[in-house]
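See structure below.
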Amino acid sequence: MRPELLIDQYPLTEDEKNELKSKKIKKYKFSIIWAHWLNAFAWLVLTVTGVAIINNDKYNLVPLGFTQWMSSLFSSREYLLKFHVWLGIFWILDLSLYVIFGAKRYSPDIKSVFTIDTDDRAWLVSFTRKVMGLNYTFPPQGFLNAGQKLVAMAVFTMTPVIMITGLIMAFQLLPPFFIRASILIHLLAVGAVACALPIHIFMGGCKAHEHESLKSMITGYMSEYFAYKHNYKFWRDVKKAALANKRENP
Amino acid sequence: MAKYGMVFDLDKCIGCHACVMACRAEWELPADKSRCWVKPIGPENTPYGLASTFYIGLCNQCEEPSCVKECPTTATYKADNGAVLVNKELCIGCGNCIIACPYGARYINEIDKKVDKCTFCEGRIQRGEQPACVKTCPTNARIFGDLENKNSAVYKKVYEEGAVPIATARVNLHPNVFYLGKERDIHLIADSYAPAKNDVSISNQLWRIFSPLVVGGASASIIAAFIAFANQIRKGEQTEEDE
């Protein structure tokens, strides 16, 4: 491997490509994969059941036929509401374990999510140019690209808001004024993430050359070639750390 | 199916509050709350002379209840028998219905933190009994029954003796609770306790502004993802090298 590859994202030779394609790099720990998919499942089910709870023709978010179908699926509206509340509580408890036991371990990762550097800004400009059909060059990205960071930011910011307002509504923790405010804030927080999620699902799960991204969120591993191309700074840091480790423990 | 209603005979009410106590006892309500009330008003001058009476009230079980329209979870609903009921399992205690009710007939029950209101004593009428307040009233000032049964006392009071609801041209939700008595007394009640404008809470008003934006934003995002996916299929799957 050329040493300059650890300095900048140079174009690879065919041999280097083949070498990197044959190697795997660990991107996600099991705990992250579990949290991601549990979050995804909870989001999907809680959103579908949540919109079905609003069954008023003045305020409904989806056609009333769907809300009634959901009620019959859960046998009654009471069970639909109970399911939504108790799944929400399970979701809160599970993610709380990450906060309690993983706050120290994951705080650098969370800090990096909320840091948008020059390359991230350039990536967002390039992405916009790509969508508009203009010329673009993606700058090197870290563990997450800027698009993933934006989704993560929305999720990390809005999740506590959704949880707190959900608990206030479910258990009438505050006076009615705050319950009414919680209904609205719950909607806006869910809406903020719901606007970003379809794009995230497409980019991560359906986009042709991003299949490895989805695979890595299942197996934890991706090819070094994919990491080099899409998460160069992450790949570089892993390689540098491996080299340093090798020097210290030959 | 019967359509229940109630008539208050103002000339018979002596303001003893037995109905309020019976209601509290029947439904085990907090000491400071009741689903019905008796308020002395007057003496005051009215166009019909000096009036003094008791404003007897409870949920008017309106035909077009504004509370039902404002409940986000449909916890509040209009039952087939004409009563407006609250499904406590669906109620989240937001109080939108309290703001919407022009008669102030709803409140938050501090015990269960849910909305509470008169149900015409739902369980009792299902068993064929009279509501607790009606049963208790020592002067028979409360008359309860089927408004569609021509032989019922309540039908006669409304359609033959001229009992009237407390409603205005501006706020008329077609109540099923009526008042019988001297014109001056009814005028005094209507003047002092005219139904307030059935309001919509600020949060519900904002919901109507923001919910289309949220649904629109999420829908646009889904459509954009589908278009991108369709384009990808149309162009054929790209490999890393193509990019």
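Being a predicted model, the structure only gives us computed values, none of them experimental. Here is the naming used below: chain letters follow the sequence lines, and residue numbers restart at 1 for every chain.
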Q: Considering only heavy atoms and a distance below 4.5 Å, find which of B/Pro212, B/Ala224, B/Gly217, B/Gly93 pairs most often with chain A.
A: B/Gly93
**Q.** For A/Gly191 against B/Val214, the heavy-atom pair lying closest together
**A.** CA-CG1, 3.5 Å
Q) Mind checking whether A/Lys58 and B/Val200 have side chains closer than 4.5 Å, heavy atoms only? A) yes
Q) Which region of B/Val68, side chain (C-beta onward) or backbone (N, CA, C, O), has a non-hydrogen atom less than 4.5 Å from a non-hydrogen atom of chain A, or is it both or neither? A) backbone
Q.
Does A/Tyr221 have more than 12 heavy atoms from other residues, nucleotides or ligands lying within 6.0 Å of its OH?
A. no
Q. Of all heavy-atom pairs between A/Cys195 and B/Ser221, which one has the smallest distance, and what is that distance?
A. O-OG, 2.6 Å
Q: Apply side-chain contact (heavy atoms from CB on, under 4.5 Å) to B/Cys94 and A/Ile183, showing your working.
A: CA-CA 8 Å; B/Cys94 67; A/Ile183 300 173; 3.7 Å; yes
Q: State whether the number of non-hydrogen atoms from other residues, nucleotides or ligands found under 6.0 Å of B/Arg170 atom CZ is greater than 12.
A: no
**Q.** Flag side-chain contact, heavy atom, 4.5 Å: A/Pro176 against B/Ile108
**A.** yes
Q.
Taking CZ in A/Phe171 as the centre, count heavy atoms belonging to other residues, nucleotides or ligands within less than 6.0 Å. Is the count above 12?
A. yes
Q | Residue selection (most heavy-atom pairs with chain B, distance under 4.5 Å) from A/Leu81, A/Ile54, A/Leu187, A/Asn55 | A | A/Leu187
(Q) Using every non-hydrogen atom in the two residues, find where A/Ile199 and B/Ala225 come nearest and quote the distance to one decimal. (A) CD1-N, 4.3 Å
Q) Of all of B/Ala75, B/Cys71, B/Ala220, which one pairs up most often with chain A through heavy atoms under 4.5 Å apart? A) B/Cys71
Q | Contact class of B/Leu90 relative to chain A, heavy atoms under 4.5 angstrom | A | both
Q) So how far is it from B/Ile92 CD1 to A/Ile168 CD1, rounded to the nearest 0.5 Å? A) 11.0 Å
Q. Taking atom CG of B/Asp32 as the centre, does the number of heavy atoms from other residues, nucleotides or ligands within less than 6.0 Å exceed 12?
A. yes
Q. Are there more than 12 heavy atoms of other residues, nucleotides or ligands under 6.0 Å from atom OH of B/Tyr77?
A. yes
(Q) Please classify the contact between B/Asp112 and chain A as side chain, backbone, both or neither, with a heavy-atom cut-off of under 4.5 Å. (A) backbone
(Q) For the interface with chain B, which of A/Glu212, A/Arg180, A/Lys82 has the highest count of heavy-atom pairs at distances below 4.5 Å? (A) A/Arg180
Q: Measure distances from B/Ser201 to the heavy atoms of chain A and classify the residue's part below 4.5 Å as side chain, backbone, both or neither.
A: side chain
**Q.** Side-chain ion pair, A/Arg77 and B/Glu89, N-O less than 4.0 Å
**A.** no
Q) About how many Å separate CZ of A/Phe178 and OG of B/Ser203, when rounded to the nearest 0.5 Å? A) 12.5 Å
(Q) Return the CG to NZ distance between A/Leu174 and B/Lys113, rounded to the nearest 0.5 Å. (A) 10.0 Å
Q) Side-chain contact, heavy-atom cut-off 4.5 Å: A/Asn56 with B/Pro72? A) no
(Q) Counting heavy-atom pairs closer than 4.5 Å to chain A, which one of B/Ala218, B/Ser219, B/Cys91 comes out on top? (A) B/Ala218
Q | Which atom of B/Lys69 lies closest to which atom of A/Tyr59, heavy atoms considered | A | O-CE1, 3.5 Å
Q | Over 12 non-hydrogen atoms of neighbours within 6.0 angstrom of NZ in B/Lys135 | A | no
Q. Would you call B/Trp207 and A/Leu61 a side-chain contact if the rule is heavy atoms closer than 4.5 Å?
A. yes
Q) Contact part of B/Ile202 toward chain A, heavy-atom cut-off under 4.5 Å: side chain, backbone, both or neither? A) neither
